[in-house]
J.: 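Okay, handing you the structure first.
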Amino acid sequence: MFSLHVKRFSISDIEGLIGIKAHTIRAWEARYNLVPPKRTPTNIRYYEEEDLKHLLNIVTLNEKGYKISRIAKMSKEQINDLVLQLQSDFNNDTVQVLRLSDATLKYDEIAFAEILSGCIDELGLVNTMDLVLFPFMKKVGMLWQTGAIDPSQEHFASNLIRDRIIVEIDRVKKPERKDPKRFLLFLPEAEMHETGLLFARYLLKRCGMDTLYLGQEIPYSDLKKVILHYKPDYAFIVLTSLNLGKDINKILTKVLDHMDVPLLVAGSLISEFDILLDDRLTPLKKVCEIVEFLEDL
């Protein structure tokens, strides 16, 4: 696999970055001569950054209904012009995920922030998280695990998203409730991805709930002490790190063993792995399930 530091991508890198199978990319190349790869002196295929950008544009048009046969007849300039017109369609989540991917690869903070603001202005934060950012972050996490992107690029995107959610939390005017529930929000040991937990904090504030936010990698031994002082009605964790997947039930058991309050658990891992059954545990697999649970309290 080629490193991004030398601006070269293998076809498996491209497959992960644009979401199109390698055999489809090869079919486009064979049938329409679309983005033929370069080759090393030892005949290994690779793509450069300009090839990746062109492929991202092709996929963007294809997602909007343009047939590949039609795209193949266009010049690069025509494709670029059409894509520029489509980029303002913030209701097209696939296009925006591709745009965020492109900005992440380039470390383009201005472009990333503009895309994020456009999505939130048009869709609101809840739909932006559900339709754009969670799919984007899942994709980035997988690419990081496989080495297709650098850890620094994952951190670049995650921190920009994190900062924007904090801004949105500050903007929310918490409604008054007669008897707001108390929520303890934290990430257990070895879980460092804070975005989903911050989003949960936003949803809770929007519903008028009280929260104690502890953040990432809280030692299990601290939980009983915190619960004794804060007396929460619920604890809320989010599990997204792919490397924790095989240990998800061990993590849930440890958390439950160290506290005696109902536990809400969200995050991509609970949709991908079978989790243990426990009367104190409520899995919330989708954004709409979290929203519905909170609105019913």
Side-chain angles (χ1 to χ4, degrees), residues 1-119 121-123 127-128 131-133 135-140 142-143 146 148-149 153 157:
M1 181 173 291
F2 294 104
S3 168
L4 289 181
H5 295 301
V6 294
K7 306 297 181 184
R8 289 185 174 185
F9 305 85
S10 70
I11 195 165
S12 61
D13 293 339
I14 297 291
E15 180 180 52
L17 288 163
I18 70 174
I20 299 296
K21 296 294 184 184
H23 64 80
T24 300
I25 299 170
R26 291 193 183 98
W28 291 353
E29 175 197 339
R31 189 174 302 176
Y32 304 110
N33 198 36
L34 268 179
V35 197
K38 281 76 174 174
R39 292 184 181 272
T40 67
T42 54
N43 208 33
I44 297 174
R45 301 161 58 103
Y46 70 90
Y47 298 83
E48 295 181 342
E49 192 168 325
E50 192 62 29
D51 301 321
L52 171 60
K53 181 179 178 180
H54 191 41
L55 280 165
L56 283 167
N57 286 343
I58 290 169
V59 173
T60 298
L61 292 184
N62 189 230
E63 290 285 348
K64 286 295 291 182
Y66 288 83
K67 293 184 177 179
I68 291 298
S69 56
R70 181 181 173 189
I71 298 172
K73 295 175 183 177
M74 299 179 187
S75 67
K76 277 191 176 183
E77 290 72 22
Q78 289 174 313
I79 291 172
N80 288 339
D81 288 344
L82 276 173
V83 169
L84 283 174
Q85 295 173 31
L86 294 172
Q87 286 178 349
S88 60
D89 181 8
F90 291 102
N91 286 295
N92 190 318
D93 48 279
T94 302
V95 169
Q96 302 311 323
V97 169
L98 289 171
R99 292 184 68 201
L100 288 172
S101 300
D102 186 46
T104 299
L105 289 170
K106 298 174 181 175
Y107 299 99
D108 190 336
E109 184 172 343
I110 293 174
F112 197 102
E114 287 178 351
I115 298 163
L116 200 50
S117 292
C119 289
D121 291 345
E122 185 72 24
L123 305 173
N127 285 330
T128 296
L131 301 175
V132 179
L133 293 179
F136 166 73
M137 289 187 292
K138 182 177 179 181
K139 177 179 181 179
V140 167
M142 293 175 67
L143 292 169
T146 60
I149 68 170
Q153 288 165 315

J.: Looking only at atom types and distance, does a side-chain atom of Asp102 sit under 3.5 Å from a main-chain N or O of Leu98, one as donor and one as acceptor?
T.: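 No.
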
J.: How long is the span from the CG atom in Leu34 to the CG atom in Leu55, to the nearest 0.5 Å?
T.: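 Spacing of CG (Leu34) from CG (Leu55) equals 8.0 Å.
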
J.: With no hydrogens and no angle check, is any side-chain donor or acceptor of Gln96 less than 3.5 Å from a backbone partner on Asp89?
T.: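 Yes; at least one donor-acceptor contact below 3.5 Å.
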
J.: Return the CD1 to OG1 distance between Ile18 and Thr60, rounded to the nearest 0.5 Å.
T.: 9.5 Å

J.: Given side chains that start at C-beta, do those of Lys73 and Gln78 come closer than 4.5 Å, heavy atoms only?
T.: no

J.: Please name the pair of heavy atoms, one in Ala103 and one in Ile115, separated by the smallest distance, quoted to 0.1 Å.
T.: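 Nearest heavy atoms, Ala103 then Ile115: CB-CD1, 4.5 Å.
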
J.: Which heavy-atom pair separates Phe112 from Thr104 by the least distance, and what is that distance?
T.: CE1-OG1, 3.4 Å

J.: Could you tell me which non-hydrogen atom of Ser101 sits nearest to which non-hydrogen atom of Lys139, and how far apart they are?
T.: OG-NZ, 3.6 Å

J.: Going from CG on Leu100 to CG on Asp108, what distance comes out if it is rounded to the nearest 0.5 angstrom?
T.: 11.0 Å

J.: Show every side chain to side chain donor-acceptor pair (under 3.5 Å) that has at least one partner inside residues 25-34, sequence neighbours left out.
T.: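 Every pair satisfying side chain to side chain donor-acceptor pair (under 3.5 Å) with a residue in residues 25-34: Glu29-Arg45.
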
J.: A quick test of your reading: do over 12 heavy atoms of other residues, nucleotides or ligands sit less than 6.0 Å from CG of Leu84?
T.: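 Check passes, neighbour count above 12.
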
J.: Answer yes or no: is there a side-chain heavy-atom contact under 4.5 Å between Leu52 and Tyr47?
T.: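 Not touching, per the 4.5 Å side-chain cut-off.
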
J.: Just by distance, do the side chain of Asp51 and the backbone of Glu48 share a donor-acceptor pair under 3.5 Å?
T.: yes

J.: Would the number of heavy atoms belonging to other residues, nucleotides or ligands and lying under 6.0 Å from CD of Glu122 be above 12?
T.: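 Above 12, so yes.
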
J.: With rounding to the nearest 0.5 Å, note down the distance linking CD1 in Ile79 to CD1 in Ile58.
T.: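 Result: 5.0 Å between the selected atoms.
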
J.: Considering all heavy atoms of both residues, which atom of Arg39 and which atom of Tyr46 are nearest to each other, and what is their separation?
T.: C-CE2, 3.6 Å

J.: Hey, what do you get for CD1 (Ile71) to CG (Leu61), rounding to the nearest 0.5 Å?
T.: 5.0 Å

J.: For side-chain contact (heavy atoms from CB on, under 4.5 Å), just list the numbers for Leu133 and Leu116, CA-CA rounded to whole Å, side-chain angles, deciding distance to a tenth of an Å, and then say yes or no.
T.: CA-CA 9 Å; Leu133 293 179; Leu116 200 50; 3.6 Å; yes

J.: Please determine whether the number of non-hydrogen atoms from other residues, nucleotides or ligands lying under 6.0 Å from atom NZ of Lys38 exceeds 12.
T.: yes

J.: Take Lys106 and Lys53 through the side-chain contact (heavy atoms from CB on, under 4.5 Å) test and state the conclusion after the steps.
T.: CA-CA 10 Å; Lys106 298 174 181 175; Lys53 181 179 178 180; 4.1 Å; yes

J.: What distance separates Ser75 OG from Asp81 CG, expressed to the nearest 0.5 Å?
T.: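 Taking OG in Ser75 and CG in Asp81, the distance rounds to 7.5 Å.
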
J.: What closest approach, in Å, do Thr128 and Cys119 show between heavy atoms, and which atom pair accounts for it?
T.: OG1-O, 3.1 Å

